[in-house]
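Below: one structure, written as structure tokens.
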Amino acid sequence: MSLLDLSEQEILRRESLKELRAMGIDPYPAAEYVVTDYSQNIRDEFKDDAPRKEVSIAGRLMGRRVMGKASFAEIQDSKGRIQIYIARDELCTGENKDLYNVVFKRLLDIGDFIGVKGYVFRTQMGEISVHVSELKLLCKSLKPLPIVKYKDGVAYDKFEDPELRYRQRYVDLIVNDGVKETFLKRSKIFRVMRDFFDHNGYTEVETPILQPIPGGASARPFITHHNTLDVDLYLRIACELYLKRLIVGGFEGVYEFSKNFRNEGMDRTHNPEFTCMELYVQYKDYKWMMNYTEQLLEKIATEVNGTTKVKVGDNEIDFKAPYKRITMLDAIKEKTGYDLTDKSEEEIRQVCKDLKMEAIDNTFGKGKMIDEIFGEFCEGTYIQPTFITDYPIEMSPLTKKHRDNDKLTERFELMVNGKELANAYSELNDPLDQEGRFQDQLRLSEKGDDEAMFIDQDFLRALQYGMPPVSGIGIGMDRLVMLMTGQTTIQEVLFFPQMRPEKMAPKDSDSKFLELGVPNEWIPLLRKAGYNLLADMKEVNPQKLQMDICGVNKKFKLGLTNPKVEEVTDWISKIG
RNA sequence: GACUCAGUAGCUCAGCUGGUAGAGCAACAGACUCUUAAUCUGUGGGUCCAGGGUUCGAUCCCCUGCUGGGUCACCA
């Protein structure tokens, strides 16, 4: 990288780096720096009347208030921030005051990592601080951080451009309050769930992400290719069919936190890769699973937030069990006034027309139309956790027929804040019924439904050996984290949400410039002046080009001997 | 994919129905031994997203593109 690609502040930091080395200070020391305390516990444990406590802490320098021979600074460690106080004559007890005057005041910058030793005290203004007696540079930072200042909980000059925050999440985590907390909660939610399932004797497992047949859900998959086998493989859209194979194999219960991939749209509730937790427990049914889910969610909310209530946007959601339960047809009746019970496909098509639903076309079967009506008129209205039960059979090819009505299935979805959070079944374990349902999906696919499921013959073979009665559930983890942390976009709960790749401006290589006879040291100046491609130089007046690059030479005080116009003309003449 | 808004200093943002740019913080130089958005004095820092067009002249007006946000559509 050329100096010309750097900002003024970056150049200064690199010069400071050199100066530190010249002073014999290693800006990137290898040795362990022993830390005895953290910002948080120092504040929590401080007592004004206790004897002085010596501490050794380390962190990133995040602010400096220099007042001549004494200074205050902020250190940010993994737990938070703490103020340090540095008095020149206590840091530098001898004649040489360079560590304070030169290193601390001039060569250190916001963003550098330092380690300090000293004692804890309370300042006249009442802030618990560390009185520094030793200071050591642990890592020099070469890029200036955005400066966000806080006063009374209000952020000033907040770093909030979503594009920059997501592309450079590391910066977001450093400077913006609350970002790390969201991800700590995310981690805790996973931990609480693992504890809950493990306590019940269920086993965490891992199943293939590269699948020959993308089963277990309806979605467009990502396709990849395995060279040795010379076969196309799919990134999984769900892990359901593999987990059921394990129930066939004799596990009491299995669960997986599964990264799934769906090649579909992106918005505030969808990311192409997302995390789903799936759990399957033998001998249970979907009614048991509703009770179990209520307990689980209540526990998560309590452990993560200390209360069952959480505020999301304008809504306050209460995860206290039990939750309302209503069948899908009752929900539609309640919200639209139409009772679809025992209605024929044609009658339902007419209802769709009456409801002015334009998206419906002739490829839609009965089940899909019912699902559309629900999605349009009901789904968004369930803010508090609500179980929607007994889905039409056409939409649920992996679900057992309802024990009282063979047009329906034993399925529920849990709606929270107007969105689906979980989806669960009494799992279909009749191998012949399952085969028939797959055949139905195949027909839908032939009719033009590009989301219909593929047939997985090995899964059918497993079912033929016998799968005990089992209930399974899938929970959208990203949405769960959004709910538990009060976030309204999925990007806020994913460290690195999917973005378009950053594009670099096209550049011709150095060798191409050298071929024209451009001296090596002048190439960066051409780039700085905006000539990244030979083509950029081709049409330009040699006089202007010469002036442009000589201007850069002068402006940045590079001290190069300027080329003559004839030389520049010669370069341009060689462009093919 | 459609519509819409935005892109100006390291960060947050100003910029008058067109005359090549300003503030605060950050940086640099200086003052200051209990400050805390420290303060005070001074200084530097910009391909105004990119490329076309209109114009004597474009950060500003028009077109195209890129990137992001929002809404809708599609989709768990």
Side-chain angles (χ1 to χ4, degrees), chain A residues 6-13 15-16 62-74 81-91 100 105-106 109-111 121-127 129 131 141-167 171 175-176 217-220 237-238 260 262-272 274 276 358-359 371 375 379 395 413 415 419-423 450-451 474-476 478-479 489-491 497 499-503 505-506 527-532 536 548 552 555:
Chain A
L6 300 172
S7 71
E8 181 196 26
Q9 292 191 41
E10 288 171 299
I11 293 168
L12 279 162
R13 285 183 179 218
E15 283 170 1
S16 297
M62 291 303 285
R64 241 183 333 183
R65 295 179 285 279
V66 178
M67 295 160 305
K69 298 180 190 66
S71 301
F72 288 93
E74 306 273 338
R81 285 192 187 187
I82 190 155
Q83 179 173 263
I84 60 173
Y85 174 73
I86 305 180
R88 186 192 68 182
D89 297 331
E90 284 164 82
L91 183 65
Y100 182 79
K105 275 172 67 178
R106 193 157 62 76
D109 290 291
I110 288 175
F121 75 114
R122 189 189 287 278
T123 67
Q124 287 175 10
M125 298 301 289
E127 180 151 344
S129 308
H131 191 119
S141 159
L142 296 182
K143 279 183 90 67
L145 285 168
I147 304 295
V148 181
K149 298 208 174 187
Y150 295 92
K151 186 183 185 176
D152 304 328
V154 182
Y156 296 83
D157 297 334
K158 206 165 176 190
F159 175 67
E160 58 193 354
D161 179 345
E163 179 170 6
L164 289 174
R165 285 186 53 225
Y166 302 152
R167 285 197 197 282
V171 174
V175 304
N176 284 333
S218 306
R220 283 196 292 276
I237 57 175
N260 294 344
R262 298 190 183 177
N263 205 341
E264 291 167 349
M266 294 160 53
D267 59 31
R268 60 194 335 194
T269 53
H270 298 86
N271 195 65
F274 63 100
C276 189
E358 289 154 6
D371 195 59
E379 181 168 336
M395 296 304 295
E413 290 194 355
M415 298 292 162
K419 288 264 179 206
E420 177 203 339
L421 175 64
N423 182 14
D450 59 358
E451 298 154 18
I475 297 177
D478 306 299
R479 290 185 184 175
T489 72
I490 198 169
Q491 286 80 11
M499 306 280 280
R500 274 202 169 75
E502 272 185 276
K503 269 203 294 205
R527 296 229 165 94
K528 182 71 181 175
Y531 301 97
N532 283 313
D536 296 334
D548 282 349
V552 174
K555 181 171 172 186

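Here is how names work: the chains are called A, B, and so on, in the same order as the sequence lines, proteins then strands, and each is numbered from 1. Values in this document were obtained by computation on a predicted structure and should not be read as measured data.
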Whole-Å distance, Arg64(A) CZ to U36(B) C1', equals 15 Å
Query - C1' gap between C5(B) and G18(B), integer Å - result: 23 Å
Checklist entry - Looking only at atom C1', what distance separates G52(B) and A58(B), rounded to whole Å? => result 13 Å
**Study point:** Pair of N/O donor and acceptor under 3.5 Å linking U12(B) base with Tyr156(A) side chain
**Key:** no
Expressed in whole Å, how much space separates the P atoms belonging to G19(B) and G57(B)? 14 Å
### Query
Below 4.5 Å, heavy atoms only, C-beta onward: do Arg479(A) and His270(A) meet side chain to side chain?
yes
ask   = Which is true for Phe274(A) with a 4.0 Å heavy-atom rule: it touches a base, it touches only sugar-phosphate, or it touches nothing?
value = nothing
Of the candidates A26(B), C11(B), U36(B), the side chain of Ile110(A) sits closest to A26(B)
Closest to the side chain of Ser7(A), out of C28(B), G24(B), G10(B), is G10(B)
Just by distance, with hydrogens left out, do Ser16(A) and Arg106(A) show a side-chain donor and acceptor under 3.5 Å apart? no
| said: Please report the distance separating the C1' of A14(B) from the corresponding atom of G46(B), rounded so that it comes out in whole Å. | reply: 15 Å
Of the candidates U12(B), U36(B), A27(B), the side chain of Glu160(A) sits closest to U12(B)
If the cut-off is 4.0 Å, is Lys149(A) near the phosphate of A38(B), judged by side-chain N/O to OP1 or OP2? yes
| query | Which part of the nucleic acid does Glu10(A) contact within heavy-atom distance under 4.0 Å: base, sugar-phosphate only, or nothing? | reply | nothing
So, OP1 or OP2 of U71(B): does either fall under 4.0 Å of a side-chain N or O from Arg268(A)? yes
pair_partner(U17(B)), Watson-Crick or wobble, both distances < 3.5 Å, evaluates to none
Determine the contact category for Arg122(A): base if any of its heavy atoms lies under 4.0 Å from a base atom, sugar-phosphate if only primed atoms, P, OP1 or OP2 are that close, otherwise nothing. nothing
Re C60(B): Watson-Crick or G-U wobble partner, both distances kept under 3.5 Å, found to be none
The Watson-Crick or G-U wobble partner of A23(B), with both key distances under 3.5 Å, is U12(B)
| message | Can you check the distance between C56(B) and U64(B), where both ends of the measurement are the C1' atom (answer in whole Å)? | response | 26 Å
Next on the checklist: Counting C-beta onward and ignoring hydrogens, is there a side-chain heavy-atom pair between Asp478(A) and Asn271(A) closer than 4.5 Å?
Outcome noted: no
(Q) Determine whether a donor-acceptor pair (one donor, one acceptor, N or O, separation below 3.5 Å) exists between the side chain of Gln9(A) and the base of A26(B). (A) yes
The Watson-Crick or G-U wobble partner of A6(B), with both key distances under 3.5 Å, is U67(B)
(message) Check whether Asp267(A) reaches the backbone of Thr269(A) with its side chain - one donor and one acceptor, N or O, closer than 3.5 Å.
(response) yes
Distance between the C1' atoms of G65(B) and A9(B), in whole angstroms? 26 Å
Mate of U35(B) across any strand shown (Watson-Crick or G-U wobble, both atom pairs under 3.5 Å) is none
What distance, rounded to whole Å, do you find between the two P atoms, one in G10(B) and one in U47(B)? 7 Å
Atom CZ of Arg500(A) and atom P of G7(B) are separated, to the nearest Å, by 20 Å
Q. What integer number of Å spans the C1' atoms of U8(B) and A29(B)?
A. 27 Å
Checklist entry - Is a side-chain N or O of Arg65(A) found less than 3.5 angstrom from the main chain of Phe72(A), in a donor-acceptor match? => result no
(message) What's Val66(A) touching, base or sugar-phosphate or nothing? Going by heavy atoms closer than 4.0 Å.
(response) base
Would you say the side chain of Gln491(A) lies within less than 4.5 Å of the side chain of Arg165(A), judging by non-hydrogen atoms?
no
pair_partner(U47(B)), Watson-Crick or wobble, both distances < 3.5 Å, evaluates to none
Side-chain atoms of Asp157(A) come closest, of C28(B), U33(B), C25(B), to C25(B)
Give a yes or no on whether a donor-acceptor pair under 3.5 Å exists between the nucleobase atoms of U35(B), that is its base, and the side chain of Glu127(A).
no
Check your understanding: Is any side-chain N or O of Glu163(A) under 3.5 Å from a base N or O of U67(B), one able to act as donor and the other as acceptor?
Key -> no
Considering only heavy side-chain atoms of Glu8(A), the closest of G45(B), G24(B), C13(B) is G45(B)
Backbone N/O of Phe159(A) and side chain of Asn176(A): donor-acceptor pair under 3.5 Å: yes
Is Arg479(A) touching bases, backbone alone, or none of the nucleic acid, heavy atoms closer than 4.0 Å?
nothing
>> For a quick test of reading the model: is some side-chain N or O of Arg88(A) closer than 4.0 Å to OP1 or OP2 of U33(B)?
In response: no
Practice prompt. Would you indicate what Arg65(A) reaches in the nucleic acid, counting non-hydrogen atoms under 4.0 angstrom: base, sugar-phosphate, or nothing?
Written response: base
Report task. Flag the pair Val171(A) / Lys143(A) as yes when at least one side-chain heavy-atom distance between them is below 4.5 Å, and no otherwise. Result -> no
Worksheet item: Heavy atoms under 4.0 Å, any strand shown: does Tyr100(A) hit a base, just sugar-phosphate, or nothing?
Response: nothing
As its Watson-Crick or G-U partner within any shown strand, both distances under 3.5 Å, C40(B) has G30(B)
Out of A73(B), C34(B), C11(B), minimum distance to the side chain of Asp267(A) belongs to A73(B)
Among the nucleotides U33(B), G68(B), G10(B), whichever has the atom closest to the side chain of Arg167(A) is G68(B)
